[in-house]
Structures are given as C-alpha cells and as structure tokens.
Amino acid sequence: MQIKPILSALRHHKSGTLLIALQIALTLAIVCNALFIIQGRIQRLSRPTGIAESELMVVNNKWVGRLTDAPARQAADLATVRALPGVADAYVTNAFPLIGSGWQSGIRRSPTEKNLDSGTAVYFVDDHALSTLGVKLVAGRNFRSDEIGSLEENGSPDAPTIIVTRALAQSLYPDSEALGKLIYIGTSDARPSTIVGIVEHLQSPETGAGEDDRWKNVILVPMRLTSAGAFFVIRAKPAQLQTLLKTVPTALKANSTRRVIPEPHGVITFAQIRDMAYRGDRGLAWMMGGISAILLVVTAAGIVGLTSFWVGQRRRQIGIRRALGATRRDIVMYFLTENILISVGGIVGGVVLALVLNRWMMMEFETARLAAIYIVIAAFILLALGQLAVLAPALRASRVPPVEATRTV
C-alpha cells in the first residue's frame, strides 16, 4: 500500500480530514486526563483505614449548654455503653478515619526545629481505643488508664505519652527506631511527648489528603475532651451491630436529658460513613467515565459517517481500482491505512492538548502530573476504536463491483 496516493486523496478532502483529526485530538486530551482522574479516585477509594470497619458504629453526641463536668459525664456514659449486651468496647474521641475533618497539628523532633508536617492528624483517645478500632500495635505498648488526661478548651495536645502510626514513625525517624523518642506537638512552647507505641496503620480524617502518604500520619493522644461535642466510637460483638444502633442512643439519652444526638446521621455505621465520605469521588469517577464514553462514541460515529460519505463519493474510483486488479482486501486496507494516518495526526495534536490541559489542572486544582501511560492507553483506545469504526464502511467499499467504473461513462 503506497502512502502517497492516500495523502493526495486526503488533500482533496481537507475539511473532513481536519474535522476528524480535531475530534480525535480533543477526545484524546479529555480521555487520558479522565482516566488519570478516575485512577486517582479509585486509589483513594481503596485506601485502607486500618480499623475493623464492619464492626463499628459512631454516635455523634452533643450537649445543651456549657458543661463543667464533661470528663465525669463521659466516664459515666462510657461505663453505660460498655455494659450494654453486644458491645465489645467503646471510647470517646474528637475524630476518626473518614469523618472529613479533625484536629491537625505541627510536629517537631526538637523545640527549635521547624515543623516537619503542619497537618498531622490528632485523635484524642483513651486506653480502650486500640481494642475498639481493632488496630494492630506493632511496637511498644498501649496507654495506661492513669495516663489519660483532659484536653482543656484551647489547650495543646502535648501529652507526656503518645502513640503514632508506623508511617509517621518512619517519616520522623527514617534511620532509627522511633519508639521511645521525643516529639513536640503544637505550639512552640509545647512539652515533649514520648512515643510509647506504634500502630501498623490508621487513616487520617481527611479523605482528600493529597496524593502523598500524609493520610497515613496519625498521632493518638491520651486525653478526654471537655467540649460540648464528641463522638462515641463503639465496636459491636458479632451480629450485634444493627441491634446496638437502637440500644446505644436509648441508653445514652436515659443518662441525661441535656444530650442531643442530631439527625439524620447522629447514629451511623462505619459502612455508611465510608459511603458518604467517598460519594463525591465515586460520582466524579462515574461522571468522567461517562464523558469519556460519550466522546468515544461520538468520535467513532464521526469516523463511520465520514468514511461512509467518502465511500459514496468514490464508488467510481473504487470500481476502476477493482477493474485494474485490486482485490477486496486491497480496498479494505486502503481505508484502514487512510484512517490510521488521520488518527495519528489527531493523536499528535491530542498529546499536546492533553499536556496543556493537565498543566492547567495542576495550576488550578493542584492535581498531579499526567503520567505517560495514560496518554499511551488513550492513544491505543482511539486507534483501535478508529479501526473498528472504519471497518464496516471499508468492507462495504470492498464489495463495490468493477462494473461500477462504467456506470457514469
């Protein structure tokens, strides 16, 4: 198959050729960036929290008016909840994985050092938190009951002892063992905190905490909250979760009439929390997938339409070629080769457009740089789709009989 006659024919159909090439370029630019975004959202959806999600429920507890005895009330509430049939364990906290927001603090290895990370997640917990969440302690020990303090309003989370995730420990001390080391949390005058335990993994509250590993950086601080709001995190015994969704809020309300458990998500399972936390990511992934599918269908339809139009216009030329000895396979290969040339031109333009689009997204939305593999995948999809789209018109052209050459003579 000689390329020169094909290029000569395309020069006589500049408008159609440019239209399809531009359509392919635009589709490539959008599809490869869409695939990149979808993959990022799928990776985010697949992040492990490190906790026993299927056994957990959360109660959002708020108080009416100012409390002067919050620690005592929390202790009484926890005793009530832990005594309920079906409860494996429970604790009170300010935040938990996937809630969306929570306490973040800067951390340092020395009083004078600049903050290594200003957005490390801080969970206020007690000595029951590890067993409630089901996280694995890989080094050190759990908190003791006598180490649990109280977080005063506008206070600092600089407890004498803390537990950190393994990812944070390795980030702080990449060349040595973090257990037993000191870190400084919060303000410049914070007291030193000793790392007494390291857990295998625990996710931060932020579901969209960047594409790096900061979502793995969590500090557990042994403090009770004194604020008017807190979360009861409860672990159910096997097959008891649905029952506890009713009995736990009833028992808590019986303890105090000043309590408010807001609707509709005041009492919720962790499966529901995960569903709500990633609803936006799933929606964006489906939307980008739908847009990509529509663009691919439109592009394929454009190729089919243009090739069919050209076949109709070239019936006499095809008949002459058949009369001169061209086989049906030669005719099919002609149109397939013609489509490849158009597609390659569109893909070259699409690569440039894709990189420009990604650059704009990086500046406006702080997305990551587009990996070359997504351009390759999108280009392959468009080439394969284009060849499939042109196949039917090409086969129809191959059936044009040699006698067609004499129809208009």
Side-chain angles (χ1 to χ4, degrees), residues 1-35 289-355 372-409:
M1 179 67 64
Q2 295 183 359
I3 303 299
K4 187 175 180 180
I6 297 176
L7 295 175
S8 179
L10 289 177
R11 282 197 295 267
H12 289 85
H13 301 86
K14 294 179 182 178
S15 299
T17 301
L18 287 175
L19 180 63
I20 293 300
L22 287 173
Q23 192 170 359
I24 290 173
L26 180 62
T27 301
L28 174 68
I30 294 176
V31 167
C32 65
N33 278 283
L35 290 175
I291 291 173
S292 298
I294 291 171
L295 282 172
L296 290 171
V297 169
V298 170
T299 301
I303 293 172
V304 171
L306 184 63
T307 307
S308 297
F309 175 72
W310 284 347
V311 169
Q313 280 192 326
R314 299 173 183 175
R315 287 183 66 84
R316 183 167 179 270
Q317 289 90 336
I318 295 170
I320 292 173
R321 289 199 62 197
R322 291 297 311 279
L324 293 174
T327 64
R328 294 180 64 177
R329 181 178 180 278
D330 292 333
I331 302 301
V332 171
M333 289 302 299
Y334 177 92
F335 283 100
L336 291 177
T337 304
E338 184 179 68
N339 183 70
I340 284 181
L341 293 176
I342 298 173
S343 298
V344 168
I347 286 171
V348 171
V351 169
V352 176
L353 188 58
L355 295 176
I373 185 63
Y374 296 98
I375 297 177
V376 173
I377 292 173
F380 177 79
I381 290 173
L382 280 167
L383 278 175
L385 181 66
Q387 294 302 87
L388 288 174
V390 83
L391 187 59
L395 289 172
R396 189 163 61 251
S398 71
R399 291 192 289 269
V400 173
V403 72
E404 194 74 23
T406 63
R407 289 283 174 89
T408 58
V409 177

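All values derive from a computational prediction rather than experimental measurement.
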Strictly distance-based, threshold 3.5 Å: is any side-chain N or O of [X] a donor or acceptor partner for the main-chain N or O of [Y]?
| X | Y | value |
| --- | --- | --- |
| Arg322 | Ala326 | yes |
| Asn33 | Ala29 | yes |
| Asn339 | Gly386 | yes |

Side chains of [X] and [Y], heavy atoms from C-beta outward: is any pair under 4.5 Å?
| X | Y | result |
| --- | --- | --- |
| Leu355 | Ile375 | yes |
| Met333 | Asp330 | no |
| Arg314 | Phe335 | yes |
| Val390 | Trp310 | no |
| Leu26 | Leu353 | yes |

Please set out all donor-acceptor pairs under 3.5 angstrom arising from side-chain atoms of residues 300-308, sequence neighbours excluded.
from   : atom 1 : to     : atom 2 : distance (Å)
Thr307 : OG1    : Ile303 : O      : 2.7
Ser308 : OG     : Val304 : O      : 2.8
Ser308 : OG     : Arg396 : NH2    : 2.9

Rounded to the nearest 0.5 Å, what separation is found between the [atom1] atom of [X] and the [atom2] atom of [Y]?
| X | Y | atom1 | atom2 | value |
| --- | --- | --- | --- | --- |
| Thr27 | Ile294 | OG1 | CD1 | 11.5 Å |
| Leu382 | Leu295 | CG | CG | 9.5 Å |
| Leu395 | Arg329 | CG | CZ | 12.5 Å |

Atom of [X], atom of [Y] and distance for their closest heavy-atom approach:
| X | Y | value |
| --- | --- | --- |
| Ile347 | Ala379 | CD1-O, 3.8 Å |
| Arg321 | Ile331 | NH1-CD1, 4.1 Å |
| Ile342 | Ala21 | CG2-N, 4.0 Å |
| Val351 | Leu28 | N-CD2, 3.5 Å |

